[in-house]
Amino acid sequence: MKAIIKKFQLSKVESITFTLKSNALNIFFEPKNNLWIFDLECRLVGMFVNGENYRRTLNNKFYHKSRYTENGETFREIHEIPREKAISLLKLCQLMIDNDFDLPKSFQHFISKISKMDYLALQQSAMEFDNIYLPISILPPDQYMSLVIQMTEGCNYNQCTFCNFYRDRPFKIKSADELEIHLNKIKTFFGEGINLRKSIFLADANALTVPQNRLVKSLELIHEQFPQFENYYSFIDVFTGLKKSVSDFKQLNELGIKRVYLGVESGNNDLMLFLNKQQLNKDIIELTHNIKASGINVGIILLIGAGGEHFAEKHLIDSIRLLKQLPLSKGDIIYLSELYETNSNYEKSMAEQDITLPTRQEIRQWSNEFKSELKKRYFNEVQLSVYDINQFFY
Ligand code: SF4
C-alpha cells in the first residue's frame with residue numbers, strides 16, 4: 001500500500017499531517033516538528049516531542065533516548081521516564097486528534113482507536129504481552145524490529161560471569177503443543193501491528209539447540225503461521241552449534257535462516273576463562289566454517305572492555321588473530337559490544353583479581369583500536385557495528 005497523506009492547516013502557522021503507511025501511522029505536528037508513531041493496532045511505538053526522542057516498549061515502558069559527547073566521542077544514553085511524563089506526552093497527541101478533522105475513511109478507524117488507546121489501554125496490552133513472553137532479554141541490534149518467537153527459554157549454559165540475561169529462568173525447549181499455543185497467542189496479540197516487524201527472531205539464547213528434526217518441524221509450523229516472513233535469525237553458541245553438520249545448517253538456510261549471532265567475546269583464552277565462558281578458538285573456527293559453508297551469514301560479537309586494562313592488549317591481539325582465521329565475507333557483521341554496565345558477579349571477579357573497572361571512555365578507546373585493526377583487514381566488506389546492550393528495547 002502506498003502511503004496515504006492528509007495534511008490539515010490548524011492556523012496560519014500550525015498544521016497536522018496524518019500519514020498512513022503499510023506498517024504504521026504517523027502523526028506530525030508543525031511547527032514544533034513533533035511526531036508520534038503508532039503500529040496498525042494503534043499502539044504507540046515512539047515519539048519525538050520538543051526535540052526529544054522517546055520509545056515505548058511492548059510491555060509499556062517509556063524510554064528517553066539521548067546522546068552526549070565527551071572528548072570527541074559520542075555516547076548514547078537511554079532512561080526510563082516516569083509514568084506521569086509518559087501519560088502527558090501521550091495526551092498531547094490525543095488532544096490534537098480530538099479536533100474535528102474531515103479525514104478520509106481509511107484513517108477514521110485508526111484515529112478513533114488511537115484516541116481510546118490511552119495509558120491504561122496500553123497497560124492492558126502490556127499485560128497481554130507479558131502473558132505470551134518471558135522477558136525478551138536481548139536481541140542483536142539489527143533485530144530490534146523482528147517478530148520474536150521464544151522456541152526455547154533461557155540459556156542452556158547460563159554461567160558466563162558478565163551475563164545476567166537469563167538468570168531468572170531455567171533452560172527449556174517448548175514442546176510442539178506449547179510452541180503452537182505460543183504462535184497463536186503471538187498472532188492474536190500483534191494483529192495488524194505485525195506489519196511493523198521485519199523478520200523472525202528465534203529466541204532465547206540457544207534456540208538452534210533444538211534437535212534437528214524437531215527444529216525443522218518447528219520452522220515449518222512458523223512458516224505456516226507467518227508466511228509473510230522469509231528471513232529468520234537466531235543466536236547460536238559453540239556448544240550446540242558443533243552438534244550440527246554443514247548439511248543441517250544448509251537445511252536451516254533453506255528454511256529461511258539468514259544469519260546467526262555468535263558471542264565470541266574474545267580470542268584470548270585467559271580472558272575467556274576469567275569470564276567463565278568455556279569455548280575454544282578452534283571450535284569457533286570450525287563452527288564458523290560450517291555455518292558459512294551452508295550459506296548462512298554470521299554476526300560475531302566481541303566483548304570490548306572485558307577484563308579491563310589487565311587483559312586489554314592480549315584481548316585485542318588474540319581476538320584479531322582469531323578473526324583472521326574466520327571466513328568472514330559480505331553479509332557478515334562484527335559487533336563491538338562495549339561492556340560498560342556490569343553485574344555484581346562480574347564486578348566481584350574483577351575485584352578478586354584486583355582489576356579496576358574501566359571507564360566508558362577507556363572502553364571506547366579500546367573499541368576504536370579494534371575498529372581500526374578490523375578496518376585494515378576487512379575495509380568495507382564486513383560490516384562493523386557497535387552493540388550497546390543498554391540501548392535494547394522491544
Ligand atoms: S553469554 Fe550467552 S552463553 Fe553465556 S550465559 Fe549469556 S546467553 Fe548464556
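Counting starts at 1 for both ligands and their atoms, following the listed order.
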Discussion item. In this structure, would Phe226 and Phe129 fall into the same cluster of hydrophobic residues linked by side-chain contacts under 4.5 Å?
Written reply: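 As far as the 4.5 Å side-chain criterion goes, Phe129 and Phe226 are connected within one cluster.
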
Practice prompt. Would you confirm whether the ring centroid of Phe274 sits within less than 6.0 angstrom of the ring centroid of Phe311?
Written response: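 Yes, ring centres under 6.0 Å apart.
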
Worksheet item: With a 6.0 Å cut-off on ring centres, are Tyr346 and Phe162 close enough?
Response: no

Can you name the atoms of ligand 1, numbered from 1 with element, that are less than 4.0 Å from a heavy atom of [X]?
| X | result |
| --- | --- |
| Gln159 | 5 (S) |
| Phe162 | 1 (S) |
| Ala205 | 7 (S) |

Discussion item. Can you confirm if the NZ or CZ of Arg364 lies within 45° of the ring axis of Phe370 and under 6.0 Å from the centre of its six-membered ring?
Written reply: no

Practice prompt. Please check if the side chain of Asn276 supplies one atom and the backbone of Gln159 the other of a donor-acceptor pair under 3.5 Å.
Written response: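 Side chain of Asn276 to backbone of Gln159: a pair is present.
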
Fill in: Salt-bridge criterion met for Lys91 and Asp118 (N-O under 4.0 Å)
no

Worksheet item: Does Phe235 come within less than 4.0 angstrom of ligand 1, counting non-hydrogen atoms of the residue?
Response: no

Worksheet item: Quick one: does Tyr166 get within less than 4.0 Å of ligand 1, heavy atoms only?
Response: yes

Worksheet item: Which residue holds the protein heavy atom closest to atom 2 (Fe) of ligand 1, what is that atom called, and what is the gap in Å?
Response: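 Result: Lys277 NZ, 4.0 Å.
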
Discussion item. Give me the nearest non-hydrogen protein atom to atom 5 (S) of ligand 1 as residue plus atom name, then the distance to 0.1 Å.
Written reply: Asn158 CA, 3.5 Å

Discussion item. Measuring from atom 6 (Fe) of ligand 1, which candidate in Cys155, Gly263, Cys163 has the nearest non-hydrogen atom?
Written reply: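 Comparing heavy atoms across Cys155, Gly263, Cys163, the nearest one to atom 6 (Fe) of ligand 1 lies in Cys163.
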
Item to complete: For the pair Val260 and Leu262, evaluate side-chain contact (heavy atoms from CB on, under 4.5 Å) and give the outcome as yes or no after the intermediate values.
Response: CA-CA 7 Å; Val260 291; Leu262 179 62; over 6 Å; no

Worksheet item: Would you say Cys160 reaches atom 4 (Fe) of ligand 1 with an N/O/S atom under 2.8 Å?
Response: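 So Cys160 does bind atom 4 (Fe) of ligand 1 by this criterion.
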
